[in-house]
Amino acid sequence: MIEELSEIPVTLGILIITLLLIQATWMFYDASKRGEPKWIWGFFGMINVPSSLIIYLVTTRVIMKKQTCPHCEKYIEMKSTFCSQCGSKINEKN
């Protein structure tokens with residue numbers, strides 16, 4: 001295994017590490033903004049490029065889709081009747 005790692009060019013290794021750090025940082029920031037478990041998503045972003053990002057986007061945008069509260073603009077569950085952040089009543093049409 002060590003012999004295989006020595007065959008990877010240094011610039012390619014630096015590029016892959018840079019992409020992983022950028023991806024993990026963005027996923028961490030976006031997950032914290034959306035109220036998702038940011039540390040888990042940030043760690044998951046360090047695993048590989050770009051499949052972790054694709055899985056994150058599909059999971060947070062399609063499977064666990066959320067809406068914003070019309071009063072405080074925080075992300076809440078789609079079927080919520082009250083905002084978990086500010087306690088305001090959510091209208092049925094939202």
Side-chain angles (χ1 to χ4, degrees):
M1 175 150 175
I2 295 175
E3 295 171 4
E4 293 173 5
L5 291 176
S6 64
E7 294 176 9
I8 297 175
V10 174
T11 54
L12 180 62
I14 292 171
L15 177 66
I16 291 171
I17 290 171
T18 304
L19 288 173
L20 286 171
L21 288 173
I22 291 170
Q23 174 180 275
T25 302
W26 184 83
M27 287 171 64
F28 179 88
Y29 173 75
D30 190 67
S32 66
K33 188 173 75 170
R34 294 180 166 278
E36 299 290 335
K38 59 187 175 186
W39 290 103
I40 293 172
W41 283 116
F43 177 74
F44 187 65
M46 290 295 294
I47 295 174
N48 58 17
V49 173
S51 61
S52 293
L53 182 60
I54 293 169
I55 292 169
Y56 171 75
L57 292 173
V58 168
T59 303
T60 58
R61 305 307 198 275
V62 177
I63 297 173
M64 299 170 56
K65 190 172 181 180
K66 294 186 177 188
Q67 66 178 347
T68 56
C69 172
H71 303 284
C72 67
E73 298 183 359
K74 299 286 184 177
Y75 286 100
I76 56 173
E77 298 294 325
M78 286 296 290
K79 297 179 182 180
S80 297
T81 54
F82 290 93
C83 176
S84 60
Q85 302 294 319
C86 68
S88 300
K89 183 172 173 71
I90 307 299
N91 296 335
E92 294 292 324
K93 61 183 174 183
N94 289 343

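All values below were derived from every heavy atom in this structure, side-chain atoms included, with hydrogens, water molecules and symmetry-related copies excluded. On a predicted model such as this, the values are computed, not experimentally measured, just so you know.
Ring centers of W41 and F28: at least 6.0 Å apart, outside the cut-off.
For the atom pair D30 CG and L57 CG, the distance stands at 7.5 Å (nearest 0.5 Å). Between the CH2 atom of W39 and the OG atom of S32 there is a distance of 10.0 Å, given to the nearest 0.5 Å. Note that CG of L15 and OG1 of T11 are 8.0 Å apart. Values are rounded to the nearest 0.5 Å. Considering CD1 of I17 and CD1 of I22, their distance stands at 12.0 Å, rounded to 0.5 Å. Distance check, rounded to the nearest 0.5 Å: OG1 of T60 to CD1 of I55 gives 11.5 Å. The CG atom of L21 sits 12.0 Å away from the CD1 atom of I16 when rounded to the nearest 0.5 Å.
In this structure, Q23 and P50 approach most closely via the heavy-atom pair OE1-CA, 3.8 Å. Considering every non-hydrogen atom in both V49 and L20, the closest pair reads CG2-CD2, 3.4 Å. The two atoms that bring S88 and C86 nearest to each other are OG-SG, 3.1 Å, heavy atoms only. When all heavy atoms are compared, the tightest approach of M27 to G45 is SD-CA, 3.6 Å.
No side-chain donor-acceptor contact under 3.5 Å links T59 to the backbone of Y56.
Cluster note: V10 groups with I14 through ILVMFWY side-chain heavy atoms spaced under 4.5 Å, whether in direct contact or through intervening members.
Within a 6.0 Å radius of CD1 in I40, no more than 12 heavy atoms belonging to other residues, nucleotides or ligands are found.
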